[in-house]
Amino acid sequence: MNLTEKNTIRVRFAPSPTGYLHVGGLRTALYNYLFARQNNGVFILRIEDTDRTRYVEGAVDNLINTLRWAGLDFDEGPQIGGNYGPYIQSERLDIYRKYATQLVQEGKAYYCFCTSERLEKMRDDLEGSGAFAKYDKTCSKLSESEVIKNISDGNPYVIRMKVPENRIIRFYDLIRNEVEIASDLIDDQVLIKSDGYPTYHLANVVDDHLMRITHVIRGEEWLPSVPKHILLYEYFGWEIPKLAHLPLLLNTDRSKLSKRQGDVAVEDYKAKGYLKEGLINFIAFLGWNPGDEREIFSLDELVKEFSLERVGKAGAIFNIEKLNWINLQHIHQKSNEELVPILKEILVNSKYNNLKLSDEYLANVIGAMRVRINYIAGILEKSSYFFERPQSYDDTVLKKHWKQETPEHLSKLINEFSLLQSPTKEDYETALKKTAEQLGIGAGKLIHPTRLSVSGVGEGPGLYDILYILGKEEVITRIEIAINKIKI
RNA sequence: GCCCCUAUCGUCUAGAGGCCUAGGACACGAGCUUUUCAAGCUUGGAACACGGGUUCGAAUCCCGUUGGGGGCACCA
């Protein structure tokens, strides 16, 4: 290992594969990524799948795909490997056992044969006494022969770490500065579970050390367990990485961001047609800002500007309206053509999946709707008439703009339209205004009923844009249908 | 219950003792534009949780209170 390698900054994102990538997880991954990239460091993905009961099939691939979609490419991890693998904890069981056994031999950990029933009862008894329900260390007093007998009898066991009494454990956090916690408040943490898998605490410390992690950047929920980790680093004689605990992402009611109160899975936002640029930009600003008034950033710009020093300490509410606005700013920065693939994917997953529409048609639709939406699926929500004929006609618009004489006016308009040869938007406009003039009425008397006829609603892009996109034949057909269907 | 973290407009935040009659953005109101709806532009209202210190001077430092969040598992 040469000097440069030795000083390389190495960070990791270490999710558990319990389903989907949470937006909070995305932000943690993002901050790690930004920190790594701006320091020419290494960004590692490690899968923490030590809880077999929560493992979800396919979750690892899903996690990786979502991370890649967001543009957060990792340098070492599952599928791509690296010098410090394997990067999936369930494939490293022998490593954890080796280190746990070492601690037992050194008297820093011990076998525990207490049943979960006994532990539960113990906690129940302690409850109400006002005390913190800590393990009573019964098994730490077992003699070596008792331990050997238990093991040879096949009694299930865990390995617990010994936590010293009366010690104040101090540590420095890059975001929170000095933090101190009394060791008496820390339980004799289980290191190896009875199923042979390690707990988070052991696996995390061992892997961070073995993978040469220099900075641990993770959610604030881990702050209270840092002392356990510090103790483990001490027991092993390892250097403690720099720590940075990020403020939490919150629901509107200020509780930790969770399902039930809106979408929390990154893939849900992707499915709605939020741009990765928009989501990343928004999420970067939940807890960080550049210190000036700029708000729209690309991933590369974030890499340049990001700094852990500027990360805030208080939790931030995930405010979808701000996301919508930021996403729109990023939509502004894309051409219609660039957005076509996103629209296509949404259509494929919609009830319009059988439609065969040209890229040109879709680009035109995007051009017409792009300032009227916040995410691409909004096009289907607000202008389904580009994909199917109106199923109904808006009642309010009907009452306001559909008069006794309207059908007659529209018939005249259809005649005028039918004369046009491959009409442009301007041709439609000219034809409509000419018809209005001949009828001796204002253009509005034709515009509103025509819009209603072709779209079924009273809002949306300019009428002539809609007519142009739909095409002459379809426009005439739709107006005819409306004349026949609408009775007042 | 105990421990830890945290506290500027409704929301995201700027602010590192005087530049603050607290700035920006989202959202909201008004206007302009537009024979629709948006977008855009202009504009308005809106906050230093409270109480004590320290200091010539505090949103900024200290202490306490209150509020909020997180953690206390053979889950991560």
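Only a predicted model underlies this, so the values are computations on that prediction, with no experimental measurement involved. Every chain is numbered from 1, with letters handed out A, B, ... down the list of sequences.
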Are A:Phe306 and A:Tyr31 near enough that their ring centres are under 6.0 Å apart? yes
Please confirm whether the shortest side-chain N or O distance from A:Asn289 to OP1 or OP2 of B:A14 is below 4.0 Å. yes
Please state how far atom NZ in A:Lys400 lies from atom P in B:C37, giving the value in whole angstrom units. 8 Å
Would you call A:Asp187-A:Lys134 a salt bridge at under 4.0 Å N-O? no
Does the cation-pi check pass for A:Lys425 over A:Tyr464, that is, NZ or CZ under 6.0 Å from the six-membered ring centre and within 45° of its axis? no
More than 12 non-hydrogen atoms from neighbouring residues, nucleotides or ligands closer than 6.0 Å to CD on A:Glu57, yes or no? no
What interatomic distance, in whole Å, is found between P of B:A47 and the corresponding atom of B:A22? 10 Å
A:Asp187 has an atom CG; how far is it from atom P of B:C2, in whole Å? 18 Å
Nearest listed nucleotide, side chain of A:Arg254, among B:C74, B:G68, B:G70: B:G68
Just checking A:Gly312: base, sugar-phosphate only, or nothing, at a heavy-atom cut-off of under 4.0 Å? nothing
Given the P atoms of B:G23 and B:A76, what is the spacing between them in whole Å? 48 Å
After noting the C-alpha distance and the side-chain angles of A:Tyr33 and A:Phe13, does the key distance pass the ring-ring contact (aromatic ring centres under 6.0 Å, His included) rule? CA-CA 8 Å; A:Tyr33 172 89; A:Phe13 174 53; over 10 Å; no
Need one value for A:Arg160: base, sugar-phosphate or nothing, where a base atom within 4.0 Å counts as base even if backbone is also close, heavy atoms only. sugar-phosphate
On RNA chain B, does the nearest nucleotide to A:Pro247 precede the nearest nucleotide to A:Gly444 from the 5' side, or the other way round? Give the residue. A:Pro247
Take the protein atom NE2 of A:His201 and the nucleotide atom P of B:C75, then report the distance between them rounded to whole Å. 9 Å
Over all strands shown, is A:Gly462 touching base, sugar-phosphate only, or nothing at heavy-atom distances under 4.0 angstrom? base
Would you classify A:Ile447 as touching base, sugar-phosphate or nothing, given that sugar-phosphate means primed atoms plus P, OP1 and OP2, and contacts are heavy atoms under 4.0 Å? base
Please work out if A:Ala316 contacts a base, only the sugar-phosphate, or nothing of the nucleic acid, heavy-atom cut-off 4.0 Å. sugar-phosphate
For the side chain of A:Leu185, starting at C-beta, report the closest nucleotide among B:A39, B:A76, B:C2. B:C2
Atom pair distance, as rounded to whole Å: CG in A:Leu286 and C1' in B:C26: 12 Å
According to a strict under-4.0 Å criterion, is A:Thr18 in side-chain N/O contact with OP1 or OP2 of B:C75? no
What's A:Thr50 touching, base or sugar-phosphate or nothing? Going by heavy atoms closer than 4.0 Å. sugar-phosphate
When we call it a touch if two heavy atoms are under 4.0 Å apart, what does A:Tyr200 touch: a base, just sugar-phosphate, or nothing? base
Please give the distance between the C1' atoms of B:C75 and B:A39 as a whole number of Å. 47 Å
5' priority, RNA chain B, between A:Arg310 and A:Lys445 [closest heavy atom]: A:Arg310
How far does the C1' atom of B:A16 sit from the matching atom of B:U8, given to the nearest Å? 15 Å
Quickly work out the A:Glu293 CD to B:G23 C1' distance and round it to whole Å. 6 Å
Cationic tip of A:Arg12 above A:Phe43 ring, under 6.0 Å, 45° of axis: no
The side chain of A:Ala314 lies closest to which of these nucleotides: B:G24, B:G70, B:A7? B:A7
Candidates A:His229, A:Arg218, A:His209 - the one meeting side chain to side chain donor-acceptor pair (under 3.5 Å) with A:Asn204: A:Arg218
Whole Å only: how far is the OH atom of A:Tyr464 from the P atom of B:C37? 15 Å
Of the options B:G70, B:U11, B:U36, whose atoms approach the side-chain atoms of A:Arg372 most closely? B:U36
Using the P atom as the point on both nucleotides, what is the distance between B:U13 and B:U36, in whole Å? 39 Å
Contact class for A:Val179 (heavy atom, under 4.0 Å): base, sugar-phosphate, or nothing? sugar-phosphate
Give me the distance, rounded to whole Å, that separates B:U55 from B:A7 when you measure between the C1' atoms they each carry. 24 Å
How is A:Val190 classified with respect to the nucleic acid when contacts are heavy atoms under 4.0 Å: base, sugar-phosphate, or nothing? sugar-phosphate
Say we look at B:C26 and B:C61: how far apart would their P atoms be, to the nearest angstrom? 29 Å
Just to be sure I understand the rule, does A:Ser16 reach a base, reach only the sugar-phosphate, or reach nothing, if contact means heavy atoms closer than 4.0 Å? sugar-phosphate
Looking only at atom C1', what distance separates B:G53 and B:A58, rounded to whole Å? 12 Å
Between A:Ile317 (CD1) and B:G69 (C1'), how many Å, whole number? 11 Å
Rounding to an integer number of Å, can you tell me how far A:Tyr375 OH sits from B:A39 C1'? 17 Å
